[in-house]
Structure formats: structure tokens, C-alpha cells
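For reference, the structure discussed in these notes is given below.
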Amino acid sequence: MYLDPAFYLRDDVVMIARDLLGKYLCTEINGVVTSGIITETEAYAGTSDKASHAYNGRRTERTETMYRKGGVAYIYLCYGVHSLFNVVTNQEGVPHAVLIRGIKPADGIPEMLNRTGAANLTPKTGIGPGKVTKLLGLHYSMTGRDLTGAEGKAGDRIWIEDRGLKVYDEQLRISARIGVDYAGEDAKLPYRFFISL
DNA sequence: CGGCCGATCCACT
DNA sequence: GTGGATCGGCCGA
């Protein structure tokens with residue numbers, strides 16, 4: 001079932017990053033459904049977080065999506081090559097987000113292999129934020145799309161389901177975030193969560 | 001308007 | 001282990 005819209009509105013983005021592990025990130029692109037179990041996330045804690053695009057209250061056309069009410073997608077282009085997918089959280093005006101860094105493919109695996117050109121799944125399939133968007137057919141042009149089902153059935157859809165998979169603290173690994181060395185002390189924050197399935 | 005660089009990935013050595 | 005791809009965002013002039 002869909003995650004309750006209230007899930008995205010809570011104010012602790014780090015807890016939300018942890019809670020997203022084990023949920024199913026799903027897309028329907030051109031009528032084809034694909035999904036994967038979320039296995040790796042990172043929290044980006046808004047205006048006080050030097051690693052965040054919204055640090056110090058920065059607002060640009062790109063980052064405006066992060067300021068929206070929790071429950072929409074923030075997707076942006078990284079290194080001129082890769083689209084990276086984030087879940088926007090918290091109330092409107094608070095630019096928190098969770099980067100999805102890894103999934104384990106679940107539904108629509110043939111289509112996902114088709115998108116990547118790979119012949120088979122491997123343990124590394126779906127590990128890496130650029131891989132996630134490639135597998136699920138996400139593109140930065142889809143930024144701002146609603147995740148809670150409020151946009152109805154027209155057009156491509158993105159949503160997150162809870163299918164009852166439990167993630168226990170014993171499975172959990174926590175570390176500093178990847179690729180944010182420029183963020184000074186904030187680069188050391190334990191905001192990365194991952195599991196192996 | 002110019003220039004630098006990034007929440008990455010892959011091929012190649 | 002390393003470097004190239006590739007281009008929009010951002011900042012300073």
C-alpha cells in the first residue's frame with residue numbers, strides 16, 4: 001500500500017531516511033511498472049546542512065522543489081550525466097530531502113535490464129544513485145512529481161509502497177555521506193543508511 | 001557572460 | 001586506481 005502522506009511530513013529527515021529502507025520505490029513509465037526495494041539512503045537536512053543544495057536558505061529555480069510540502073520528487077542532474085532521485089520531506093518551506101542511493105530490483109526486472117542494457121542482474125545492480133534512476137526510468141525532467149498518488153492516473157507515476165518488509169537495527173549500517181567532502185564538518189554527519197538484502 | 005565544478009559511473013590500465 | 005564523459009547550476013565580474 002501507498003505510504004501515508006503523513007510519512008513525508010515528519011520533521012526528522014534522518015529518521016525518514018532510515019525508515020525508507022525496505023520500502024518499495026515504484027514507477028510507471030509509458031504504462032510499464034518497475035520497482036525496487038530501497039537499500040541505501042542519505043538525509044539532507046536543509047538550510048543548516050552544508051552538503052544540501054538548500055544550505056543557508058539558498059533558493060534557485062532548481063532547488064525550489066525542495067521547499068515544497070513533503071511527498072514530491074526532487075530529481076536533478078549530477079555531473080552532467082546522471083539524474084539523482086530524492087524524496088522531499090517536511091512541511092512546505094522546509095527544504096529537507098532524502099537521496100535514494102540504492103535499490104534491489106523487484107518488479108519489472110526485464111524492463112530494467114532493457115533500460116541498462118545488461119543481460120542479467122548482479123549483486124551490484126541498483127547500487128549507486130545514478131543506477132537507481134536508470135533502472136526505474138526516472139529523469140530530471142520529472143522533478144516535482146507527486147509521490148502520494150494525488151496526481152491520479154494520468155501520465156507517468158512515481159510512488160512508494162510499504163509491503164510489510166521489516167528492517168531491523170541489526171541489519172542496519174550507518175556512515176558518513178558519499179561525495180560531500182566540500183561540506184566541511186557536515187561531511188562527517190552519520191546521515192547515510194544502508195542494508196544488504 | 002565566463003569559468004569552475006559537482007549528492008557519478010564506467011572503461012581501461 | 002585513475003581519468004574522461006558531459007552539461008546545468010552557480011558565482012563573480
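Letters A, B, ... are given to chains in the order of the sequence lines, protein chains preceding strands, and every chain is numbered from 1.
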*Take atom C1' in dC5(B) and the same atom in dG3(C), then report the distance between them in whole Å.*
16 Å
*For the pair Arg115(A) (side chain) and Leu135(A) (backbone), establish whether a donor and an acceptor sit closer than 3.5 Å, ignoring hydrogens and angles.*
yes
*Under the side chain to side chain donor-acceptor pair (under 3.5 Å) test, which residues partner Asp107(A), sequence neighbours left out?*
Ser35(A), Arg163(A)
*Nucleotide range of DNA chain C contacted by chain A, 5' to 3', under 4.0 Å to a heavy atom?*
dT6(C) to dC11(C)
*For atom P, what is the distance between dG2(B) and dT6(C), given to the nearest Å?*
22 Å
Which atom pairs, donor and acceptor, lie under 3.5 Å between side-chain atoms of residues 3-14 of chain A and protein residues at least two apart or in another chain?
unit_1, atom_1, unit_2, atom_2, d
Asp4(A), OD1, Ala6(A), N, 2.7
Arg10(A), NE, Phe7(A), O, 3.1
Arg10(A), NH1, Asp19(A), OD2, 3.1
Arg10(A), NH2, Asp19(A), OD2, 3.3
Asp12(A), OD1, Val14(A), N, 3.1
Asp12(A), OD1, Met15(A), N, 3.1

*Base-contact (B) and sugar-phosphate-only (S) positions in nucleotides 8-13 of chain B, heavy-atom cut-off under 4.0 Å, - elsewhere*: BSS---
*Look only at the side chain of Lys134(A) and the backbone of Gly130(A), and say whether a donor-acceptor pair between them is shorter than 3.5 Å.*
no
List the atom pairs, with distances to 0.1 Å, where a side-chain N or O of residues 70-86 of chain A and a protein N or O form a donor-acceptor pair under 3.5 Å, not counting sequence neighbours.
unit_1, atom_1, unit_2, atom_2, d
Tyr74(A), OH, His53(A), ND1, 2.8
Ser83(A), OG, Tyr140(A), N, 3.0
Asn86(A), ND2, Tyr74(A), O, 3.0

*Under a 4.5 Å cut-off applied to non-hydrogen side-chain atoms, are Val94(A) and Thr47(A) in contact?*
no
*Under 4.0 angstrom, heavy atoms only, what part of the nucleic acid is Arg177(A) near: base, sugar-phosphate, or nothing?*
nothing
*Take Lys69(A) and Asp146(A) through the salt bridge (Lys or Arg N to Asp or Glu O under 4.0 Å) test and state the conclusion after the steps.*
CA-CA 10 Å; Lys69(A) 183 175 161 187; Asp146(A) 181 79; over 6 Å; no
*If you measure from CG on Leu197(A) to NZ on Lys104(A), what distance do you get to the nearest 0.5 Å?*
6.0 Å
*State, yes or no, whether a side-chain contact exists between Thr89(A) and Val98(A) at a heavy-atom distance under 4.5 Å.*
yes
_Whether the side chain of Glu42(A) engages the backbone of Arg101(A) through a donor-acceptor N/O pair (distance < 3.5 Å, no angle test) should be reported._
no
*Rounded to whole angstrom units, what separation is found between the CD atom of Glu40(A) and the C1' atom of dA7(B)?*
11 Å
*Which dot-bracket string fits DNA chain C when only Watson-Crick or G-U wobble pairs with both atom distances under 3.5 Å count, crossing pairs get [ ], and | stands for a partner on a different strand?*
|||||.||||||.
*asked:* I need the Arg173(A) CZ to Gln171(A) CD distance, nearest 0.5 Å.
replied: 9.0 Å
*May I ask you to evaluate whether Tyr182(A) reaches the phosphate of dA7(B), defined as a side-chain N or O under 4.0 Å from OP1 or OP2?*
yes
